[in-house]
Each structure stands twice: as C-alpha cells, then as structure tokens.
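The block underneath contains the structure these notes are about, expressed in structure tokens.
Values below: every heavy atom of this structure, side chains too, minus hydrogens, waters and symmetry copies. Atoms within a ligand are numbered from 1 in the order they appear, just like the ligands themselves.
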Amino acid sequence: MTIRVGILGCGGIAGNHVEAYRRIAEVEVVACADIDHPRATSFAEKYEVPNWFGSLGALLEAGIDVLSVCTPHPTHEHAVVDAAQAGVHVLCEKPIALTTSAAQRMVDACETAGVTLGVLFQRRFWPASQRVRKIIDEDVLGTPFLAHCSVLLHRDPDYFTRDPWRGKWDTDGGGVLMTQAIHYIDLLQWFMGPVAEVTGRCGTYIHGEYIEVEDAATALLTFTSGAMATISATTGLTPSEGVQIRITGSSGATVALAEYPEGTGQLEIWDVPGQVFHAPVLGRAINADVSSSVINDALKPYHVLQVSDFIAALRENREPAVTGVEAMKSLRVVEAIYESHRTGKTVRFDPAYVSSHMP
Ligand SMILES: NC(=O)c1ccc[n+]([C@@H]2O[C@H](COP(=O)([O-])OP(=O)(O)OC[C@H]3O[C@@H](n4cnc5c(N)ncnc54)[C@H](O)[C@@H]3O)[C@@H](O)[C@H]2O)c1
C-alpha cells in the first residue's frame, strides 16, 4: 500500500526529507505546509509536491500516513503530539524537543496513539559511525573508557540573523549544544553507553552581539560503566576545524571519527590490533567554512538511509533505528550541561552512582 507523506516546515532541511522519500518505492510526498505561505508554495513548486497548506491542521486533514517535522525546535512538541492524536506516524528533526519533559510527552502521545516516532540523527548512518559501533558490539575495543568529543565549528553572523528564530532562548532553546553538538553527543552516548554524571560550563564569546544563547561549552561526562569523556564545542572558530570523536577502549585500541568538512564523516584514527591505520584529515582550514545548504547537501545520503529505515520499520512493524526514547538521551545531557552551568554543580542522573574506577 502506498504510504502518503506530509512535510511540515519548508525551510533548509525539508528538501533532504522529500528527496529521501522519493527514493523509496510506494511512498509519495503528497503535501507540505509552512506558516510562511510563499515558502510553502515555492517549496511545493520546486519539489513538485501536489498540495500545500498554511498550517499543520490543514496538512493532517489532507489524509497522510507519515509526517516529517522540519520546523524549528520549540514547535516539535505540538507537531508530534497533534500528528499522533490524528493517528499519523512521525519522523521528527533533531533535537526532539527543548526539554526532556516535552520529549516524554511526545513519546507518551505516540505510544498512546499506537503510532511510530523516529528522530533524525543521520550521522549514526555514516559508515564510519557504523564501524565504530560494530567494533564496540564485537568487543574488539573492549570497554570504551576514555573519549573526547570536539566540535569546533564556524558560523557566520548571517547564520544567526537571517532566520529570526535562531540564537534566542525561547525560539532556539540553546546554542551550539542544542543545535550542533547534540548530533555528536548522540553518537558519543551511543558508543559509550548510559551517562551517569554531567558537569558543564557555557559561555558566549564570539556571537554575543546578535545571539542570547551559548556559542561555546565544555563538559565532563561520566558513564555508568565508569568511563569518562570530555566535550568542547563552539560555533566561534574561524575557520572551522570540524568535529572529532576519539574513543579508547580497555583493549588498548583507539578509534577516531572525524567530520570535515561538515556533513562528511570518516575514520581518522583506527588503532585496533592488526588493523592500524591513521588517515589524518589533511587540509583542515582549507575551504573549512561552508554554508548550511552545502552541509545539508552533504548529509543527503544519510537522510536517505535514516528515512528508509523509518519506512522499513513501519512496514516491518518494528522500532526505527532512532526512537523518541533514544533521542531523549542526548537531550538529557544537553539539559544537564545547562543545569550544571547554572548551579555550578554536577548533575547526577542516578544519585546512587559512584565512580569506582580509582585504584
Ligand atoms: N538533521 C540535521 O542535520 C539537520 C540540519 C538542519 C536542520 N535540522 C533541524 O530541522 C529543523 C528546521 O531547521 P531548518 O534549518 O530547516 O530551519 P528553517 O528556518 O530553514 O526552516 C523552518 C521552516 O519552518 C517554518 N515554520 C516555523 N514554525 C512553523 C509552524 N508552527 N508550522 C509550520 N511551519 C513552521 C518556517 O517558516 C520555515 O520555513 C530544526 O529543528 C533543525 O534543528 C536538522
């Protein structure tokens, strides 16, 4: 049976969704909606979407099976809950929401309605991420015990000022942590396991003339396994140095995943017994500062993989690779970094947890 899809929000990332659905047999993008009417109409024209609307309500009334939510973060909760109540499955862009309590309401609404909720974290679908996850599953790395995640990105002032929702607490919900680093925090916790404690600090150093939220953050994470990780993240680097997630395991092996330029993930260090190679990402700082549309284009193949997984999950009556519950884990860490910054204290997810790895 053909699956009828609607797209909510016709901005930067929505095209990745349409192009991904178009590659799947017996899936049709039948409608799109945006509160900005000219955006909805020009998007419908560009992607040959037959119907366009000015609200979610009208889009849901058009009779769709799946909704892709591609609107700014604070709108995700209402969109997902309304779609669930209309019996529509939802694939929501990251971050799932601005707070874990909002995310929980979304998960509950989908469970109650018996619809599937998936959340876009397409970097999990990079072959490099899959390889790291595989050697953890196969115990080649041993227990990962030390990790570093550096997210050293550049954003122009224009990135924050061209869309009125960006860079403000009420409409963006956060800065580099909530919008960029959450992708890598998702990968970090996917590799390292459940987080036990978070200590964090945030600041606004570069973009303060036009944003309220943080443009830099650091954090120390402890995991329930006893493992530790540090995070450093900024959108204030000129030029960008990209992203690196480096993990050392109890077998003595180290692997590092790099994203450079943005959107393109690759293995940079693979120091695993019998398979050692180092592929330093050469030419960092050359053409480092790419626009959002170039990043979105580079991410298209991975949107294809995650959207395909979501549709396959519906057809096979199984959970998608990234469920709402799974997407809450990185949000919980981001929320804890903000809380730790505000209170000056470590946030303990399990108050009974005590790291037992000191000799
Ligand atoms: N997975 C990724 O790598 C990735 C990349 C970019 C953006 N995103 C996420 O996608 C979401 C959208 O980002 P974007 O860059 O496309 O933003 P954007 O500003 O380019 O587009 C958002 C669109 O939503 C519309 N909109 C706002 N409120 C609405 C509402 N209530 N109902 C209908 N339409 C509404 C706006 O008019 C705009 O056209 C964000 O949550 C962002 O984090 C994810």
Side-chain angles (χ1 to χ4, degrees), residues 6-20 31-44 46 52-60 67-83 90-98 102-103 106 118-126 151 153 155 158-168 170-184 186-187 213 235 243 259 262-265 290-307 310 322 327 330-331 334:
I7 307 284
L8 183 71
C10 299
I13 204 61
N16 284 31
H17 287 241
V18 178
E19 290 185 22
C32 60
D34 199 298
I35 45 170
D36 180 332
H37 288 213
R39 275 207 186 186
T41 50
S42 61
F43 186 85
K46 176 174 178 192
W52 64 268
F53 302 100
S55 71
L56 172 61
L59 178 59
L60 292 174
L67 177 73
S68 259
V69 177
C70 303
T71 50
H73 328 331
T75 64
H76 292 179
E77 180 184 357
H78 279 302
V80 170
V81 170
D82 287 1
V90 201
L91 184 55
C92 181
E93 268 298 346
K94 50 54 62 175
I96 177 170
L98 297 187
M106 297 156 78
V119 180
L120 249 298
F121 276 112
Q122 77 281 21
R123 285 166 170 87
R124 286 197 191 194
F125 286 80
W126 281 336
V151 182
L153 305 178
R155 287 295 182 271
D158 172 63
Y159 168 83
F160 296 102
T161 52
R162 68 164 191 256
D163 296 315
W165 61 276
R166 293 192 193 274
K168 302 184 182 75
D170 60 339
T171 51
D172 208 355
V176 63
L177 286 170
M178 188 63 89
T179 295
Q180 284 85 20
I182 196 161
H183 278 288
Y184 314 104
D186 174 65
L187 286 177
V213 294
T235 46
V243 174
E259 178 172 354
E262 265 188 274
T264 306
V290 292
S291 69
S292 299
S293 64
V294 171
I295 300 168
N296 290 348
D297 280 351
L299 291 168
K300 278 179 181 170
Y302 312 104
H303 268 87
V304 169
L305 292 173
Q306 190 168 357
V307 168
F310 184 75
V322 188
S330 48
L331 177 62
V334 169

Practice problem: Distance to 0.1 Å, residue and atom name: give those for the protein heavy atom nearest to atom 8 (N) of ligand 1. | Solution: Glu93 OE1, 3.8 Å
Exercise. Without swapping roles, check the side chain of Asp34 against the backbone of Gly9 for a donor-acceptor pair under 3.5 Å.
Key: no
Quiz prompt | N or O pair under 3.5 Å between Ile13 and ligand 1 | solution = yes
Exercise. Answer yes or no: is there a side-chain heavy-atom contact under 4.5 Å between Leu91 and Val69?
Key: no
Quiz prompt | Residue, atom name and distance, where the atom is the protein heavy atom closest to atom 13 (O) of ligand 1 | solution = Trp165 CZ2, 4.0 Å
Practice problem: With sequence neighbours left out, write down each residue that passes side chain to side chain donor-acceptor pair (under 3.5 Å) with Asp158, or none if nothing qualifies. | Solution: none
Quiz item: Does Thr179 reach ligand 1, in the sense of a heavy atom lying below 4.0 Å from it?
Solution: no
Quiz item: Starting from atom 28 (N) of ligand 1, which protein heavy atom do you reach first, and at what distance in Å?
Solution: Ile35 CD1, 3.5 Å
Self-check item: Verdict with reasoning, Val213 to Lys168, per side chain to side chain contact (heavy atoms under 4.5 Å, CB included)
Solution: CA-CA 6 Å; Val213 294; Lys168 302 184 182 75; 5.8 Å; no
Quiz prompt | Distance-only N or O hit between ligand 1 and Gly12, under 3.5 Å | solution = yes
Self-check item: Reference residue Glu262; test side chain to side chain contact (heavy atoms under 4.5 Å, CB included); the match among Leu153, Asn296, Val294, Val243
Solution: Leu153
Quiz item: Where is the nearest protein heavy atom to atom 27 (C) of ligand 1: which residue, which atom, and how far?
Solution: Pro72 CD, 3.4 Å
Exercise. Consider every N or O of Asp36 and every N or O of ligand 1, then say whether any pair is closer than 3.5 Å.
Key: no
Quiz item: Taking all atoms of both residues into account, what is the closest heavy-atom pair of Asp172 and Gly167, and its distance?
Solution: OD2-N, 2.8 Å
Quiz item: Which ligand 1 atoms, with their elements, are less than 4.0 angstrom from a heavy-atom of Leu299?
Solution: 3 (O)
Quiz item: Sub-3.5 Å donor-acceptor pair from the side chain of Lys94 to the main-chain atoms of Thr179, do we have one?
Solution: yes
Quiz item: Phe121 near ligand 1, heavy-atom distance under 4.0 Å?
Solution: no
Self-check item: Nearest-neighbour protein heavy atom for atom 21 (O) of ligand 1, which is reported as residue plus atom name and distance
Solution: Gly11 CA, 3.2 Å
Quiz item: Where do Phe121 and His183 come nearest, in terms of heavy atoms and distance?
Solution: CD2-ND1, 3.8 Å
Quiz item: Checking Arg39 against Phe43: charged group under 6.0 Å from the ring centre and within 45 degrees of the axis?
Solution: no
Self-check item: Atoms of ligand 1, numbered as shown, that sit under 4.0 Å from any heavy atom of His76
Solution: 41 (O)
Practice problem: Would you check whether Asn296 has a nitrogen or oxygen atom less than 3.5 angstrom from a nitrogen or oxygen atom of ligand 1? | Solution: no
Practice problem: Only counting residues at least two apart or in another chain, list the ones meeting side chain to side chain donor-acceptor pair (under 3.5 Å) with Gln122. | Solution: none
Practice problem: Within a distance under 4.0 Å of any heavy atom of Arg166, pick out the atoms of ligand 1 and give their elements. | Solution: 14 (P), 15 (O), 17 (O)
Quiz item: Less than 4.0 Å between a side-chain N and a carboxylate O, is that true for Asp186 and Arg123?
Solution: no
Exercise. Look at ligand 1 and say whether Leu8 reaches it with a heavy atom at a distance under 4.0 Å.
Key: yes
Exercise. Starting from atom 41 (O) of ligand 1, find the nearest protein heavy-atom neighbour and note its residue, name and distance.
Key: His73 ND1, 2.9 Å
Quiz item: For ligand 1, which atoms have a heavy atom of Thr71 less than 4.0 angstrom away?
Solution: 11 (C), 12 (C), 24 (O), 26 (N), 29 (C), 33 (C), 34 (N), 35 (C), 40 (C), 41 (O)
Quiz item: For ligand 1, does Gln180 get within less than 4.0 Å through its side chain, its backbone, both, or neither, judged by non-hydrogen atoms?
Solution: neither
Quiz item: Are any of the N or O atoms of Thr75 closer than 3.5 Å to those of ligand 1?
Solution: no
Practice problem: May I ask you to decide if Cys92's main-chain N or O and His76's side chain share a donor-acceptor pair within less than 3.5 Å? | Solution: no
Quiz item: Quick one: does Ala14 get within less than 4.0 Å of ligand 1, heavy atoms only?
Solution: no
Quiz item: Is it the side chain (CB and beyond), the backbone, both or neither of His37 that lies under 4.0 Å from ligand 1, heavy atoms counted?
Solution: neither
Practice problem: With atom 22 (C) of ligand 1 as the reference point, say which of Cys70, Gly15, Cys10 has the nearest heavy atom. | Solution: Cys70
Quiz item: Within less than 4.0 angstrom of ligand 1, does His78 place any heavy atom?
Solution: no
Practice problem: Could you find the nearest protein heavy atom to atom 9 (C) of ligand 1 and give me its residue, atom name and distance? | Solution: Lys94 O, 3.6 Å
Quiz item: What pair of heavy atoms forms the shortest contact from Glu93 to Cys70, and how long is it?
Solution: CG-CA, 4.3 Å
Quiz item: Which heavy atom in Leu331 sits nearest to a heavy atom in Ile96, and how many Å separate them?
Solution: CD2-CG2, 4.0 Å
Exercise. Starting from atom 2 (C) of ligand 1, locate the nearest protein heavy atom and write down its residue, its atom name and how far away it is, to 0.1 Å.
Key: Gln122 NE2, 3.4 Å
